[in-house]
Amino acid sequence: QGKGSVSVERGRWPLGVGTFLQRRRERSKGAGVAPQRVMTSARRDFGSFHSSNVQELIGTIKAGVYIPPSLPFELPKFHPDHGNLPAFGQEMRKKHFLLEEGTTFMNHGAFGCALKDALHVSQTWQLYIERQPLRFFDRELFPHLVFVTKRLAEFVGCSPTDLVLVPNVTMAMNIIVRSQDLKAGDTVFMLGETYGAVKKLLRQVCAEQGAILQEEWLEYPLTGPGQIIKKVEETLRPGTRLAVFDHIPSKSVFINPLEEIIGICRQRGTKVLIDGAHALGVLDLNLSSLDADYYTSNCHKWFCSPKGCAFMFVKPELQHSLRPLIISHGYGFGFHSEYIWTGLKDYTAILALHTVLDFWESVGVERIRGYIKGLMTQAVDLLVGRWKTGLLAPREMFGSMVCVRLPESLQEDSAANYEHAETIQNALYSRYNIEVPVKALAGSLYVRVSVHIYNELDQYQKLADAVEEMMSK
């Protein structure tokens, strides 16, 4: 074995990675290819790194001759058929999450909640790195990041040549928006539901470049996806340079009809940027067929990775026009090389993605989504029935979060505002230890309820009871 080369002989693999290796050997055998003879050795491309031939390693994936690196330690294994996976709800919470027992946690949509198993793997990587830091960063890190890129790209339905790993969606949005060659008088389009930090970014960039930021508002409650499609169709002007949409807006949490919206943008000659911060894990992503020019999502929200892990998808013909926010050794060496190293930092949240992917694939993606959908339906029926209110949009437009209107008796005579919503949210937290956001939307108050695999119906019962008790005081 040559110095710094990528090997599959050392280390042991979890179920998901092991399955990948076995299938890889079978494909190679069927094609008459000996894996050890097509293996690409890690070598220097940029900087002083001995394994920085990132573009070449990505190329072997596309060519079908990729051999992944080995691991220095064993990863957790999830065998649902062997009974080592608990039932959804409280048992899942105790075994695979670190949430406090006394907290009624219905705000997964804020910052997510990491799998305990993935956190342990991240920490194991940290200990391993410090045993010989130079070996890890100089010879091992990049091949491992390429392997994670490959597996995540398969999960979201795109080529690994079009996906790069970034710390969070905010970073990706800044990279993409700041790379647009906007001229004075150009138009950038967004809906009023756009995430607050992204609005600030768009306003600042448009002000710098002399571009026009067009913001369009929806009327609530929504009657259906057609209302959004009609708004875009009627207001998006031909020649608009960029349109920005949330796949699932953070505040109103309905699922945008992206297929129709992107189709309209194509007809108007407009590039499309999708903020999918809440989508990974919740929705079945197939980025190659979605046809967005840019798409980004967090892994640390609904996918439950450790904090500091996200991806950025960019169509091949647009990759050359992006400008990284941080210029480092990989600049000028290709799309992945420019983003894979942004200086010395903790990369272990990304490396722990193997365990997150193994968990989802072992438990079953459809089983997880099925539980979330079923519990969401029950929670909506319970809260709407108890409070005699309604939803911000038809229930079929929601995924893992939903906005349920609070009873009018909790609202002051004037239209609901941010301060009123915050007062009720703080009361739910301080008096009942319920963690759930309250939003002021279109003059009314809504609770934005989250559902994940560690939640159970009795938690939403507790929320209903707490609100009714607040109404009586």
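Values in this document were obtained by computation on a predicted structure and should not be read as measured data. Nothing fancy with the numbering, it's 1 onward along the sequence.
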inquiry  = With heavy-atom distances below 4.5 Å as the criterion, would you say the side chains of Leu285 and Leu290 are in contact?
reply    = no

inquiry  = Check whether Thr389 reaches the backbone of Arg405 with its side chain - one donor and one acceptor, N or O, closer than 3.5 Å.
reply    = yes

query = Under 4.0 Å between a Lys/Arg side-chain N and an Asp/Glu carboxylate O for Lys95 and Glu91?
reply = no

task = Report yes if the side chains of Phe313 and Val156 come closer than 4.5 Å at any heavy-atom pair, otherwise no.
result = no

ask   = Between Gln425 and Lys439, is a side-chain hydrogen bond (donor to acceptor under 3.5 Å, both in side chains) present by the stated rule, with each step listed?
value = CA-CA 9 Å; Gln425 180 173 335; Lys439 306 293 183 182; 5.9 Å; no

remark   = Exactly one candidate in Arg93, Met92, Lys94 meets side chain to side chain contact (heavy atoms under 4.5 Å, CB included) with Pro86; the answer is Met92

ask   = Between Thr342 and Ile326, is there a donor-acceptor pair closer than 3.5 Å when you use the side chain of the first and the backbone of the second?
value = no

message = Under 4.0 Å between a side-chain nitrogen and a carboxylate oxygen: does that hold for Glu361 and Arg151?
response = yes

key: Point-to-point distance, once rounded to the nearest 0.5 Å, from CE of Met397 to CG of Leu392   = 9.0 Å

Spatial distance of atom CH2 (Trp125) from atom CZ (Phe73) [nearest 0.5 Å] = 5.0 Å

task = Can you establish whether the number of heavy atoms outside Lys200 located under 6.0 Å from its atom NZ is more than 12?
result = no

message = Quick check: do Glu422 and Val438 have side-chain heavy atoms less than 4.5 Å from each other?
response = no

query = Is the shortest heavy-atom distance from the side chain of Trp387 to the side chain of Leu463 under 4.5 Å?
reply = yes

Donor-acceptor under 3.5 Å (Asn298 side chain, Asn168 main chain) = no

key: Verdict with supporting geometry, Phe359 and His96, ring-ring contact (aromatic ring centres under 6.0 Å, His included)   = CA-CA 10 Å; Phe359 180 86; His96 291 292; 5.3 Å; yes

request  = Decide yes or no on side chain to side chain contact (heavy atoms under 4.5 Å, CB included) for Tyr460 and Val451, but give the supporting numbers first.
outcome  = CA-CA 10 Å; Tyr460 305 93; Val451 174; 3.2 Å; yes

message = Suppose we screen for side chain to side chain donor-acceptor pair (under 3.5 Å). Which residues come up paired with Asp291, at least two apart in sequence or across chains?
response = Arg266, Lys315

query = Relative to the ring of Tyr371, is the ring of Phe88 parallel (under 30°), tilted (30 to 60°) or perpendicular (over 60°)?
reply = tilted

key: Side chain Ser288, main chain Gly157, donor-acceptor under 3.5 Å   = yes

key: Pair Tyr347 and His144, ring centroids less than 6.0 Å apart   = no

inquiry  = Heavy-atom count check: over 12 atoms from other residues, nucleotides or ligands less than 6.0 Å from Tyr429 OH?
reply    = no

task = Would you confirm whether Ser252, through its side chain, and Pro249, through its main-chain N or O, come within 3.5 Å as a donor-acceptor pair?
result = no

inquiry  = I'd like to know if the side chain of Lys388 and the backbone of Gly385 have a donor-acceptor N/O pair within less than 3.5 Å.
reply    = yes

Residues in salt bridge (charged side-chain N to carboxylate O under 4.0 Å, His left out) contact with Glu366, at least two apart in sequence or another chain = Arg369

task = Report yes if the side chains of Met190 and Phe245 come closer than 4.5 Å at any heavy-atom pair, otherwise no.
result = no

key: His120 side chain reached by Thr355 side chain, heavy atoms, under 4.5 Å   = no

inquiry  = Going by salt bridge (charged side-chain N to carboxylate O under 4.0 Å, His left out), name the residues that satisfy it together with Lys199, two or more places apart in sequence or in a different chain.
reply    = Glu215

key: Pair Lys77 + Asp358: basic N to acidic O under 4.0 Å   = no

task = Give a yes or no on whether the backbone of Gly112 and the side-chain of Trp302 come within a donor-acceptor separation of less than 3.5 Å.
result = no

inquiry  = If you count heavy atoms of other groups shown closer than 6.0 angstrom to CD of Glu100, is the number above 12?
reply    = no

ask   = If you measure from CG on Leu152 to SG on Cys309, what distance do you get to the nearest 0.5 Å?
value = 7.0 Å

key: By side chain to side chain contact (heavy atoms under 4.5 Å, CB included) - contacts of Thr270 (at least two apart)   = Leu236, Thr240, Ala243, Cys265, Arg268

ask   = Going through the distances and angles, do Phe155 and Leu357 end up as a side chain to side chain contact (heavy atoms under 4.5 Å, CB included)?
value = CA-CA 8 Å; Phe155 192 88; Leu357 286 158; 3.9 Å; yes

message = Nearest 0.5 Å, please: how far is CG in Asn256 from CG in Asp275?
response = 10.5 Å

request  = Might you work through the side chain to side chain contact (heavy atoms under 4.5 Å, CB included) test for Val404 and Leu391, ending with a clear yes or no?
outcome  = CA-CA 5 Å; Val404 183; Leu391 306 180; 3.7 Å; yes

inquiry  = When you compare the side chain of Val198 with that of Val244, does any pair of heavy atoms fall below 4.5 Å?
reply    = yes

key: Neighbour count >12 (heavy atoms, 6.0 Å) for atom CD, Glu317   = yes

request  = Indicate whether the side chain of Tyr432 and that of Glu469 have a donor and an acceptor atom separated by less than 3.5 Å.
outcome  = yes

message = Between Phe335 and His320, is the ring centroid distance below 6.0 Å?
response = no

note = One should read off an interatomic distance between Thr60 OG1 and Ile67 CD1, to the nearest 0.5 angstrom, of 8.5 Å

inquiry  = Walk me through whether Tyr454 and Gln90 qualify under side chain to side chain contact (heavy atoms under 4.5 Å, CB included).
reply    = CA-CA 6 Å; Tyr454 54 75; Gln90 183 65 13; over 6 Å; no

request  = Calculate, to the nearest 0.5 Å, the distance between atoms CG and OH belonging to Leu145 and Tyr339 respectively.
outcome  = 16.0 Å

ask   = side-chain hydrogen bond (donor to acceptor under 3.5 Å, both in side chains) between Lys462 and Thr104: does it pass, once the steps are laid out?
value = CA-CA 8 Å; Lys462 183 177 180 180; Thr104 301; 3.2 Å; yes

query = If you draw a 6.0 Å radius around CD in Gln123, do more than 12 non-hydrogen atoms from other residues or ligands fall strictly inside?
reply = yes

ask   = Between Arg386 and Gln461, is there a donor-acceptor pair closer than 3.5 Å when you use the side chain of the first and the backbone of the second?
value = no

inquiry  = Can you confirm whether the side chains of Gln180 and Tyr294 place a donor and an acceptor under 3.5 Å from each other?
reply    = yes

request  = On the 0 to 90° scale, with breaks at 30° and 60°, tag the His108-His452 ring pair as parallel, tilted or perpendicular.
outcome  = tilted

key: Under the salt bridge (charged side-chain N to carboxylate O under 4.0 Å, His left out) test, residues paired with Asp381 that sit two or more places apart   = Arg395

request  = Check side chain to side chain donor-acceptor pair (under 3.5 Å) between Thr235 and all other residues, then give those that pass, not counting sequence neighbours.
outcome  = none

query = Can you find a heavy atom in the side chain of Leu115 that is under 4.5 Å from one in the side chain of Phe97?
reply = yes

query = Quick one: do Glu193 and Lys251 make a salt bridge, cutoff under 4.0 Å?
reply = no

message = For His247 and Tyr295, I'd like to know if the aromatic rings sit close, meaning centre-to-centre distance below 6.0 Å.
response = yes

